[in-house]
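What follows is a set of notes on a single structure, which appears directly below.
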Amino acid sequence: MLKADQNLAYVLAAPLLLAGFALMLFFGFLGLFHFLLGLVLFFVGVILALRLKSFSQLGDLVVILVSLLIANWVFFSTLEIFPLLDVSAAVYAVLGSAVLVLAGRAMRFFPAVKWRFPLAAAAACYLATILLSIIFAKSPKEVIYFFFINALAIIIGYAVFNFLRLDSSRARAIGKAIFFFGAISALFAVWQLYSDSFKLLFFPYLAARDHEILQLWEMVSRVVGTWQHPSYLGIFLAVCVPLGLEQLFFERTTRFRRALLLCCLVLIAAVLLLSNTRSSVLAAGIGSIFLVWKLLASGDELLKRKLRNLVWLGAIGACALLLYQFLFVSEIYSKPQAYRVDASATIWGRFLRSDAMSTESLVQRSGLYELAIKTFASSPVVGVGAKNFQFRVQDAYGKATDAHNIFLQTLAEQGVLGFLALVFLYFGVVKNLFQAAWKRTASMAFTFSVTVLLIFFDSIFNNPLYSLRLVGIFWLFIASALAHNHIE
């Protein structure tokens, strides 16, 4: 009887979690009632999950929750469900709390295993400097929001880390979920390129200010899909490339799944070019080189299999280039705003030579760098407030944006204290990942380490870690990489 009750709880929990999530995210914009109804269903699913006596079943539900987190980041809604709290941020808090609770329940199956918090001191110092920056902030609300997204991402990261310490094989399912939603993001970007019906579906989930942002990017023929910014879409697709290559190189699978994997990689690579974010394209290339090195250094793979995988990699690159150049670029030049693009949409124009748009981008960045340094000089200790540099940019240029460099941005917004805390934190992350890469040879752990390094690389030219979504993904990668290698 008890076993039957357990099986029933397991069978019901997953549908309730999924239904509750869908109601909160996809129907929350209709009104508070729909959000609260979804929250109730989700809460019942969590209660049923807590009754489970099987670690395997509970582990399945934790992976489902992490997958829902990723889905929330992809299908992001900026409509406010409560004052100053948009739908996806509220769903993020609900999902994060559930992951923490179920991870704690999973830890109780192994009483001898204690919670571990690597890099906790560095993370706490960084969060403290965010709060300190509120002293001179023009908008304290932005500081609080930035603190919230970082604190929640770190908490979820520690919950996932400790859960994966119990069963590191679950990290592969998380990697596959991220890659799957990368392919979904790419499909939405293609839909945006070819049809205005994309906006009819997506606009109800966005605040009015984001309608204007989406249309602004369309004016320069840069797709963003559901990510609101081409550099956010670009780096997300860039980290999906090594995750896909890891499956291609090291996982035994059926021919159908391999064919599907190859098609997804081609689509992701082609849309990555379509985002017109050169740093992300370069990051994907660097990630591919790391995975090729891992493949060639692996003693478990036969030479014939290694060569076949390298041929597949070449075919993926060639097909992605052809798809972009002869289908996507043709569609770009058929748009009314094509006159604004000149030759910059082609591979040659955007990535291999300097054109008007490329030169303009470099000039804008140099101006932002100079302004960030001046802003730092005006408040060198605690900065002008996290996420407040945008107001200095708006005053200077009439349009708000970030510094396109996380170190200069942190200097300007959190001062020397925040900069030192950031360096301390990132040094600790890289040190742990380096130890992880050499301690074990697990391809999945190696790949997660690579994705973290790629986000670091992109942060030099953009600011992915100022996005709620990418901060969450960043800490999820760190948790998966460290837990897979049991670095504590």
Side-chain angles (χ1 to χ4, degrees), residues 83-86 89-90 92-93 96-97 100 117-159 161 368-396 400-432 452 455-456 458-460 462-476 478-479:
L84 306 180
L85 183 64
D86 57 49
Y92 184 28
S97 301
L100 180 61
F117 302 96
L119 307 171
C125 288
Y126 178 66
L127 291 175
T129 62
I130 295 176
L131 286 180
L132 275 175
S133 72
I134 203 171
I135 295 174
F136 298 110
K138 181 178 182 179
S139 174
K141 181 189 76 172
E142 296 290 347
V143 177
I144 295 171
Y145 175 77
F146 192 61
F147 176 83
F148 164 77
I149 67 173
N150 278 276
L152 189 54
I154 291 171
I155 291 170
I156 294 173
Y158 280 130
F161 166 76
L368 291 171
Y369 296 163
E370 183 178 353
L371 181 60
I373 294 172
K374 290 180 179 178
T375 303
F376 164 67
S378 70
S379 181
V381 180
V382 296
V384 297
K387 287 187 74 69
N388 274 246
F389 176 68
Q390 59 180 312
F391 302 117
R392 297 294 183 100
V393 178
Q394 189 168 28
D395 292 341
T401 187
D402 56 65
H404 287 69
N405 180 288
I406 194 170
F407 299 106
L408 290 176
Q409 182 100 7
T410 303
L411 273 172
E413 294 185 339
Q414 295 164 241
V416 68
L417 293 180
F419 177 79
L420 292 175
L422 182 76
V423 171
F424 181 40
L425 175 62
Y426 284 5
F427 175 78
V429 170
V430 172
K431 178 183 177 182
N432 277 271
V452 174
I455 294 177
F456 278 147
D458 190 67
S459 298
I460 299 173
N462 294 296
N463 241 343
L465 296 179
Y466 270 60
S467 161
L468 178 154
R469 303 190 253 187
L470 291 169
V471 168
I473 291 171
F474 173 71
W475 280 97
L476 189 58
I478 292 175

Would a 4.5 Å heavy-atom cut-off, applied to side chains only, mark Ile130 and Val143 as touching?
yes

Would you please classify the geometry between the Phe419 ring and the Phe407 ring as parallel, tilted or perpendicular, with 30° and 60° separating the classes?
perpendicular

Are Phe474 and Phe456 an aromatic pair, judged by ring center distance below 6.0 Å?
yes

Hey, does the side chain of Asn388 reach the backbone of Lys138 with a donor-acceptor pair shorter than 3.5 angstrom?
yes

Below 6.0 angstrom between ring centroids: does that apply to Phe424 and Tyr126?
no

Would you call Leu100 and Ile156 a side-chain contact if the rule is heavy atoms closer than 4.5 Å?
no

pair Ser378-Phe136: side-chain heavy atoms closer than 4.5 Å:
no

Side-chain contact, heavy-atom cut-off 4.5 Å: Leu408 with Phe389?
no

For the pair Ile144 and Ile134, evaluate side chain to side chain contact (heavy atoms under 4.5 Å, CB included) and give the outcome as yes or no after the intermediate values.
CA-CA 8 Å; Ile144 295 171; Ile134 203 171; 4.3 Å; yes

Would you say Asn463 and Gln409 are linked by a side-chain donor-acceptor pair, where the criterion is simply a distance under 3.5 Å?
yes

Between Ser133 and Gly383 (side chain of the first, backbone of the second, donor and acceptor by atom type, cut-off under 3.5 Å), is there such a pair?
no

Does the side chain to side chain contact (heavy atoms under 4.5 Å, CB included) test come out yes or no for Ile460 and Asn405, once each step is laid out?
CA-CA 5 Å; Ile460 299 173; Asn405 180 288; 4.0 Å; yes

Close side-chain approach of Leu465 and Ile455, heavy atoms under 4.5 Å:
yes

Should the heavy atoms of other residues, nucleotides or ligands under 6.0 Å from CZ of Phe117 be counted, would the total exceed 12?
yes

Hey, does the side chain of Tyr158 reach the backbone of Pro118 with a donor-acceptor pair shorter than 3.5 angstrom?
yes

Evaluate the side-chain proximity of Gln414 to Phe146: yes if any heavy-atom separation is below 4.5 Å, no if none is.
yes

Cut-off 3.5 Å, side chains only: do Tyr466 and Glu413 have a donor facing an acceptor?
yes

Are Leu119 and Phe161 packed together at the side-chain level, in the sense that at least one heavy-atom pair is separated by less than 4.5 angstrom?
no

How about Arg392 and Lys374: do any of their side-chain heavy atoms sit closer than 4.5 Å?
no

